[in-house]
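Values in this document were obtained by computation on a predicted structure and should not be read as measured data. Order of the sequence lines sets the chain letters (A, B, ...), proteins ahead of strands, with each chain counted from 1.
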Amino acid sequence: MENLNQLLAIRRQKLQKLKELEIDPYPNRSKRSHKIKNLWENKDKFVESEQKTVITGRLTGMRRQGKVGFGNISDESGRIQIFVRKDNVGEDNYEVFKLLDLGDFVQVEGNCFITKMGEYSIRAKEVTILGKSLRPLPTVKEKEVDGKKQRFDEFSDIELRYRKRYLDLLLNPESRDNFIIRARIIREIRNFLNSRDFIEVETPILQPLYGGAHARPFTTHHNTLDIDLYLRIALELYHKRLIVGGFERVFEIGKNFRNEGMDRTHNPEFSMVELYQAYADYNDMMDITEDMILHIAKEVFGSEKINFHGTEILLKKPWQRTSMLDLIKEETGFDASDFDFEKIKVFCDEHKIEIPPAAGPGKLIEEIFGRFVESKLIQPTFVIDFPKEVSPLAKEKPGNPELTERFELFINGNEYGNAFTELNDPLDQRERLEAQAKLRELGDAEANVVDEDFLEALEYGMPPTGGLGIGIDRLVMLFTGNTSIKEVIFFPQMKPEM
RNA sequence: GGGGGUGUAACUCAGCGGUAGAGUAUCUGCCUUUUAAGCAGAGAGUCGACGGUUCAAAUCCGUCCACCCUCACCA
């Protein structure tokens, strides 16, 4: 056997003792009669009737005093004290009780009562082990001080919390709450879109070509077909095929994978909701974005405001809609609306903005926007009319061949969504993708690739369509007040431990 | 990738050239209404890893690893 430290060895010894007593430490069956929350909800009734109740859960506290002992049992719904007295459970069962450790799963049969100290508890008739824990759970004790819970020990090491999320969830209620809120947000996204007659679809994660965003992919290999496949970087191109196929409103909630840098707002796999609506444009997408986020705010939080570390964010409609060029002008006084490449380059040089290889004026405008404007956009803002150069899937803005009908949503200085009036002209789309392919040759590893299958689909005809993508992780961060994406993803990507 | 920080017992941390510490947890004893239970005692560590300096290194130096912050990059 491996070299076990003292704490692990002691638990294995207890496991052995249970087996010697012919107690199964991992029985197949349990028989819970109530969730702990139910007992609290009908406290008086349970105390008065003294009815038999059976709870199950993890042993999360233990105060033994010789022939009597108190413990805490926690299940998903709550926590309650158990009172175990040798005279009540019998000598044999008390031996079992004495072999229990914090972290063990147990079943307690008994009846509810109020202790001398006034605590609602279960007086045990029998304690059954449901699952022996062989590792010590980090201990977190708390005490109520003026109605506030004061914690005395913590499980707070960030790295451990991410690597052993199960312990984090067990020991840090705030972390658990983040994920409950995440689930509610996703549920409300679904409810909202279902109520608007969108149908939920599933499209390939493994794709022979990737597209729909500007990013490097993960590559994998299918053995039987003997071809390389890519993990999707966006949902876009398959959803458009579905619009070609006659669906008028589709959405998908799922993961995208981008083989790029990681920081506190980027995880290599992240969740998006994308939706496509035929006979709609980017103005409709702005409306739906406002409505959807407002719906979440109201349903999950009952408020039209978010307080993010003291910054009050007002979600009340309508949100500001301003063009990228106007925002740049407001912030810097620089007017780039003539797309004069030389003039814009001079501005970039003056402000030490690096000029990427193969960049045209549109790319530089986007860089300028990123440098000067993004972080200033605290209240929800639709930044509209992106340069065509950086928007190969968006339809040109009527009257200005340099711009597209595209927006990104910014809140609190971060990007939350991206949407276009989708390009449905197959010949224009081909030209744009071919231009992207040229950029690839010039060294832009993130440029789109020409997807002939997608182009062919467009040639059969796609109605005018609006499309929208919203980053779910970031939305959850916004609503839960988290500044790291790792706090809202159960198992964020980490380097393997050596 | 640059800069800064952190890494010591199961957890949270102190120690920062001279025998590895505390609280909680664990174990033993006492305790039949405790709740951060209490009292008495005990055990528990590759001080992130590897090198170097030194009579002596958790401590100083170097390299590496992981994590955090920050800047850059990144649709």
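Separating the CD1 atom of A/Ile355 from the C1' atom of B/rA72 is a distance of 17 Å, rounded to the nearest angstrom. A/Ile233 has its CD1 atom 11 Å from the P atom of B/rA75, to the nearest Å. Separating the CG atom of A/Leu100 from the P atom of B/rU26 is a distance of 12 Å, rounded to the nearest angstrom. If you take CG of A/Asp157 and P of B/rA66, they are 16 Å apart, rounded to a whole angstrom.
Figure legend. B/rC31 is base-paired to no nucleotide; pairs are counted as Watson-Crick or G-U wobble with both atom distances under 3.5 Å. Applying the Watson-Crick and G-U wobble criteria (two distances, each under 3.5 Å), B/rG17 pairs with nothing in any strand. Nucleotide B/rC64 forms a pair with B/rG48, judged by Watson-Crick or G-U wobble geometry with both contacts under 3.5 Å. Nucleotide B/rU26 forms a Watson-Crick or G-U wobble pair with B/rA42, both donor-acceptor distances falling under 3.5 Å. Applying the Watson-Crick and G-U wobble criteria (two distances, each under 3.5 Å), B/rA72 pairs with nothing in any strand.
Ion pair A/Asp101/A/Lys132 flagged as a salt bridge, since at least one NZ, NE, NH1 or NH2 atom sits closer than 4.0 Å to an Asp/Glu carboxylate oxygen. Residues A/Lys164 and A/Asp168 are not paired through a salt bridge, judged by the lack of any N-O separation under 4.0 Å between the basic side chain and the carboxylate. Electrostatic pairing of A/Arg161 and A/Glu487 counts as a salt bridge here, judged by a charged N lying under 4.0 Å from a carboxylate O.
For the pair A/Asp444 and A/Gln493, both in contact range of RNA chain B, the more 5′-proximal nearest nucleotide belongs to A/Gln493. Between A/Leu160 and A/Asp87, the residue anchored closer to the 5' end of RNA chain B is A/Leu160, taking for each the nucleotide with the nearest heavy atom.
Here B/rU35 is the nucleotide among B/rU33, B/rU35, B/rA75 with the atom lying nearest to any side-chain atom of A/Glu119.
For A/Arg406 and A/Phe386, the positive end sits near the middle of the six-membered ring, less than 6.0 Å away and at most 45° from its axis. At least one cation-pi condition fails for A/Arg321 and A/Tyr282: the charged atom is not both under 6.0 angstrom from the six-membered ring centre and inside a 45 degree cone around its axis.
Between A/Arg264 and B/rU70, a side-chain N or O to OP1/OP2 separation shorter than 4.0 Å is present. In this structure, A/Lys495 reaches the B/rA66 phosphate: one of its side-chain N or O atoms is under 4.0 Å from OP1 or OP2. For B/rC68, one of the phosphate oxygens OP1 or OP2 lies less than 4.0 angstrom from a side-chain nitrogen or oxygen of A/Lys486.
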Open item on the list: I need a per-nucleotide contact map over nucleotides 37-45 of chain B, read 5' to 3'. Cutoff is protein heavy atoms under 4.0 Å; write B for the base, S for backbone only, - otherwise.
Closed with: B-----BS-
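Side-chain contact, A/His239 with A/Glu252: a donor N or O sits under 3.5 Å from an acceptor N or O. A side-chain donor-acceptor contact under 3.5 Å links A/Gln320 and A/Thr322. For the residue pair A/Asn424/A/Lys395, the side-chain donor-acceptor check at 3.5 Å is satisfied.
If you check distances only, the side chain of A/Glu154 never reaches the base of B/rU12 with a donor-acceptor pair under 3.5 Å. Side-chain to base pairing of A/Gln81 with B/rU34: one donor and one acceptor N or O lie within less than 3.5 Å of each other. Between the side chain of A/Thr115 and the base of B/rU34 there is at least one donor-acceptor pair of N/O atoms closer than 3.5 Å.
No contact: A/Glu354 has no heavy atom under 4.0 Å from any strand.
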